[in-house]
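Notes to accompany the following structure.
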Number of protein chains: 2
Amino acid sequence: MDEEILKKYGDVDTCPVRNILDRFGDKWSTLVLLVLGEKEKLRFNELNKCIQTISQKMLTVTLKKLETDGLVNRTIYPHVPPKVEYELTDLGRSLLPNLQNLVKWANDNIDEIKTNRTKIG
Amino acid sequence: MDEEILKKYGDVDTCPVRNILDRFGDKWSTLVLLVLGEKEKLRFNELNKCIQTISQKMLTVTLKKLETDGLVNRTIYPHVPPKVEYELTDLGRSLLPNLQNLVKWANDNIDEIKTNRTKIG
DNA sequence: CGGTATCCATCCCGATACTG
DNA sequence: CAGTATCGGGATGGATACCG
């Protein structure tokens, strides 16, 4: 076997890629980051409406994870009714171009992929 | 609300990003693509060894999905014992740079993220 | 060697109800 | 408005045994 590859992707604990993938390989994280990248700041319910099918629960969970990782910043305005705004941190913004490249690739190639899927295995 | 964002990420069925994310937002797909990107061709058991903790089942399932999407090519050599080789298709190779950028970002920022995670919420 | 088939634990995530 | 708490179904994925 190729020792080089092993070192690069082998170990779950030390491999940054796998560490990151474990985090963003969920249903919503990437999408939330992309939507936040479209605006300076967004309120909770605005996010909820942008990502049509996300549940309130999953939006909360996802935002909390992203906040923990330092990718998203959360600001509470002590109003009644409460107002909470979310925005990308510098770290979050540094990730954004990579995700947007993925978006571009997806848009460019989705037709081909869909065609492939319909072919007989 | 921002209609533009809604159009871009709103609908599950028509949005390519979400379609793609649904596919690669699993535990193994991205990793398998990255490992395949390191070599011209790899046999089943070579892949299995590269990605230490993946089970035989999940490797099979993941490879089949990637093959269906047309990202990976599967070649059977009718030997005894059988020999099967996997390689990226042109489509698969076109995705690779995007994933490698993500790897680079992960390597560059994993320390900061890990530090963030240890901070008190 | 390169799978398949089956069983089973986990946990993701949606629905619903409730709160400050 | 922006959450939290709880429940439960279904998908995810690991372990094991078997097959061509």
Side-chain angles (χ1 to χ4, degrees), chain A residues 1-2 9-13 18 21-32 35-36 39 41-69 72-87 121, chain B residues 1-2 9-13 18-19 21-33 35-36 39 41-69 72-87 121:
Chain A
M1 263 313 312
D2 203 283
Y9 303 115
D11 185 33
V12 201
D13 298 322
R18 300 190 58 172
L21 283 177
D22 276 1
R23 207 68 168 195
F24 299 108
D26 66 0
K27 202 171 177 181
W28 303 112
S29 295
T30 310
L31 210 53
V32 168
V35 170
L36 279 173
K39 286 281 194 183
K41 300 184 173 202
L42 281 170
R43 301 181 63 171
F44 185 87
N45 272 353
E46 288 176 327
L47 278 166
N48 215 151
K49 272 175 222 150
C50 282
I51 309 173
Q52 298 262 25
T53 54
I54 196 172
S55 65
Q56 196 177 34
K57 175 185 172 184
M58 288 319 296
L59 182 55
T60 305
V61 170
T62 304
L63 284 168
K64 199 160 286 175
K65 275 205 318 185
L66 295 174
E67 198 194 351
T68 303
D69 282 9
V72 163
N73 204 19
R74 180 173 182 267
T75 314
I76 314 165
Y77 301 88
H79 294 163
V80 178
K83 176 180 175 181
V84 181
E85 281 187 336
Y86 294 90
E87 62 186 329
Chain B
M1 262 311 312
D2 202 285
Y9 303 113
D11 183 32
V12 201
D13 298 323
R18 301 191 57 172
N19 201 306
L21 282 177
D22 276 0
R23 207 70 168 196
F24 299 106
D26 66 0
K27 202 171 178 183
W28 302 112
S29 295
T30 310
L31 210 51
V32 168
L33 289 173
V35 171
L36 279 174
K39 286 283 194 180
K41 300 184 174 200
L42 280 170
R43 299 182 64 172
F44 186 87
N45 273 353
E46 288 177 326
L47 279 166
N48 214 152
K49 272 175 222 152
C50 282
I51 309 171
Q52 300 261 26
T53 55
I54 197 172
S55 64
Q56 196 179 36
K57 174 187 172 182
M58 289 318 296
L59 181 54
T60 304
V61 170
T62 304
L63 284 169
K64 199 159 286 175
K65 277 204 319 185
L66 295 175
E67 199 194 348
T68 303
D69 282 9
V72 163
N73 204 19
R74 180 173 182 265
T75 313
I76 315 166
Y77 301 88
H79 293 164
V80 178
K83 176 179 175 182
V84 180
E85 281 188 337
Y86 295 90
E87 62 185 330

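Every chain is numbered from 1, with letters handed out A, B, ... down the list of sequences. Heavy-atom basis, side chains included; hydrogens, waters and symmetry copies ignored.
At whole-Å resolution of the value, CZ in A/R43 and P in D/dG3 are 10 Å apart. The NZ atom of B/K65 sits 12 Å away from the C1' atom of D/dG13 (whole-angstrom rounding). Atoms CD1 (A/I54) and P (D/dG3) sit 13 Å apart, rounded to a whole Å. Across the protein-nucleic acid pair, B/K64 atom NZ and D/dG13 atom P stand 16 Å apart, rounded to whole Å. Nucleotide D/dA2 holds its P atom 11 Å from the CD1 atom of A/I76, rounded to whole Å. Whole-Å rounding puts the A/R74 CZ to D/dC1 P distance at 16 Å. Distance A/Y77 OH to D/dG3 C1': 18 Å, rounded to the nearest Å. Rounded to an integer number of Å, the gap from NZ of A/K57 to P of D/dT6 is 12 Å.
For D/dG3, the OP1/OP2 oxygens have a side-chain nitrogen or oxygen of A/Y86 closer than 4.0 Å.
Where A/P82 and A/T53 meet DNA chain C, the nucleotide closest to each residue was compared, and A/T53 sits on the side nearer the 5' end. When each of B/D26 and A/F44 is assigned the nucleotide of DNA chain D bearing its nearest heavy atom, the one mapping closer to the 5' terminus is A/F44.
Considering only heavy atoms from C-beta on, B/F44 comes within 4.5 Å of B/Q56 through its side chain.
In this structure, CZ on B/R18 lies 11.5 Å from OH on B/Y9, to the nearest 0.5 angstrom. Rounded to the nearest 0.5 Å, atoms CE (B/M58) and NZ (B/K27) are 8.5 Å apart.
For A/Q56, counting side-chain heavy atoms from C-beta on, the closest listed nucleotide (D/dC1, D/dG13, D/dG3) is D/dG3.
Crowding of B/K39 atom NZ: a count of heavy atoms from other residues, nucleotides or ligands under 6.0 Å not exceeding 12. Counting heavy atoms of neighbouring residues, nucleotides and ligands inside a 6.0 Å radius, atom NZ of B/K65 exceeds 12 of them.
Taking every nucleotide of DNA chain C with any atom under 4.0 Å from a non-hydrogen atom of chain B, the first and last of them, 5' to 3', are C/dC1 to C/dC7.
The side-chain contact (heavy atoms from CB on, under 4.5 Å) test with A/W28 is passed by exactly one of A/L66, A/L59, A/T53: A/T53. Here the options are A/L42, A/V35, A/V32, A/L36, the test is side-chain contact (heavy atoms from CB on, under 4.5 Å), and the partner is A/Y86; only A/L36 passes.
Interface remark: the B/K27 side chain does not form any donor-acceptor pair with the D/dG13 base, using a distance-only criterion of under 3.5 Å.
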